[in-house]
Amino acid sequence: MLMTAPRGVQSGNRATWFGLYYNISGSVVYLHPVGLELLVDHKALDSAQWTIQNVFFQGHYYESLAQLEEQFEAGQVNVVVIPNNGTGGSWSLKSQVPPGPAPPLQFHPQGARFSVQGSRVTSSLWTFSFGLGAFSGPRIFDVHFQGERLAYEISLQEVLVVYGGNTLVAMVNRYMDQGFCMGKFATPLTCGVDCTTYLATYVDWHFLLEFQGARTLYNALLLLSRTRACP
């Protein structure tokens, strides 16, 4: 990763820590570091003149790659072998067991414990209205518990992701990603995948945004009565 801001502690410095990661399909690269990081001096306009000022591997500093190679050949470097280039471990997105039979399904012998009329949900204890804002994402309104109002509106509004870590590359990345328009960029939910119970109530949602006519997002929201005794 190379940020646009110049790196260094003095004027004119151009040195950046680069981290190496496994390129695993379907996963975020930052979750699979190799453990090798290089401090590169890239002050020169010609990349052929760039030099490596320092090396960091598995928690230890080395003056150069030659010193790291020398200690590796001498058996003084702690090396962790990752099989299959990191694609077959317990952290992989691939299933560790073959697919088995479908799990048992829940059912309500006395019927559902809540009802949905339009965007209004009513149960023996709770009543509230729900929606999906194009900018604020999922939200609920007029929340009552046993007849007492607890909140007028509860919504997601935005999502912030803070970056950091205990490596040299991660320590200098002091920034955040901000997500908005959660409703606009929402995708349909899949029964049995996004929700393991087949008793959930799926609701479509309609938007009038950036188009001449309304757009429909099918299965945009789901409502279910969760039993705490079940996983």
Side-chain angles (χ1 to χ4, degrees), residues 24-28 30-32 89-164 176-231:
I24 297 179
S25 176
S27 177
V28 181
Y30 309 120
L31 300 179
H32 305 276
S90 59
W91 52 83
S92 174
L93 295 179
K94 297 181 179 179
S95 176
Q96 302 298 307
V97 296
L105 299 179
Q106 274 185 303
F107 72 98
H108 298 152
Q110 298 178 349
R113 291 178 288 183
F114 66 93
S115 62
V116 181
Q117 294 182 347
S119 61
R120 188 69 176 173
V121 178
T122 304
S123 70
S124 59
L125 298 177
W126 295 88
T127 59
F128 60 88
S129 298
F130 64 92
L132 181 65
F135 299 103
S136 60
R139 54 186 179 178
I140 56 177
F141 302 92
D142 196 21
V143 182
H144 286 75
F145 179 73
Q146 294 184 335
E148 179 183 358
R149 172 179 279 183
L150 301 182
Y152 173 75
E153 178 183 355
I154 302 175
S155 57
L156 192 60
Q157 296 294 330
E158 64 180 357
V159 176
L160 295 178
V161 180
V162 182
Y163 294 86
M176 297 184 297
D177 273 347
Q178 181 182 22
F180 55 95
C181 289
M182 276 76 73
K184 175 185 175 183
F185 296 111
T187 57
L189 302 172
T190 302
C191 183
V193 178
D194 295 297
C195 181
T196 57
T197 176
Y198 286 84
L199 296 176
T201 300
Y202 289 82
V203 181
D204 301 334
W205 209 248
H206 310 281
F207 291 97
L208 185 60
L209 179 67
E210 298 181 350
F211 293 91
Q212 295 296 329
R215 299 186 64 190
T216 299
L217 177 63
Y218 297 99
N219 295 344
L221 298 168
L222 68 87
L223 299 103
L224 73 154
S225 178
R226 178 175 178 268
T227 302
R228 298 185 61 184
C230 296

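Here, residue 1 is the first one in the sequence, and each next residue gets the next number.
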Do the side chains of [Y] and [X] get nearer than 4.5 Å, heavy atoms only?
X	Y	result
Ile140	Val121	no
Phe130	Val203	yes
Leu150	Phe128	no
Val116	Phe114	yes

Out of curiosity, Leu132 CG to Lys184 NZ, how far, rounded to the nearest 0.5 Å?
13.5 Å
In Å, rounded to the nearest 0.5 Å, how long is the span from CG of Leu223 to OG of Ser119?
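Leu223 atom CG to Ser119 atom OG measures 10.5 Å (nearest 0.5 Å).
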Partners meeting side-chain contact (heavy atoms from CB on, under 4.5 Å) with [X] (sequence neighbours left out):
X	result
Tyr218	Asp204, Thr216
Ser124	none
Leu189	Asp194, Tyr202, Leu222

Taking all atoms of both residues into account, what is the closest heavy-atom pair of Glu153 and Ser155, and its distance?
OE2-OG, 3.5 Å
Which pair of non-hydrogen atoms, one from Ser136 and one from Leu156, has the smallest distance, and what is that distance?
O-CB, 3.5 Å
Scan residues 135-144 for pairs that pass salt bridge (Lys or Arg N to Asp or Glu O under 4.0 Å), counting only residues two or more places apart or in two chains.
Arg120-Asp142, Asp142-Arg149
Output every pair passing salt bridge (Lys or Arg N to Asp or Glu O under 4.0 Å) with a member in residues 125-136, not counting sequence neighbours, ordered by first then second residue.
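Every pair satisfying salt bridge (Lys or Arg N to Asp or Glu O under 4.0 Å) with a residue in residues 125-136: there are none.
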Using a 3.5 Å distance criterion without hydrogens, assess whether the side chain of Trp205 forms a donor-acceptor pair with backbone atoms of Ala220.
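Not at all, since once roles are kept as given, no pair shorter than 3.5 Å links the two residues.
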Run the ring-ring contact (aromatic ring centres under 6.0 Å, His included) test against Phe141 and tell me which residues pass, sequence neighbours left out.
none
Residue set satisfying side-chain hydrogen bond (donor to acceptor under 3.5 Å, both in side chains) with Thr187, at least two apart, ordered chain then number -> none
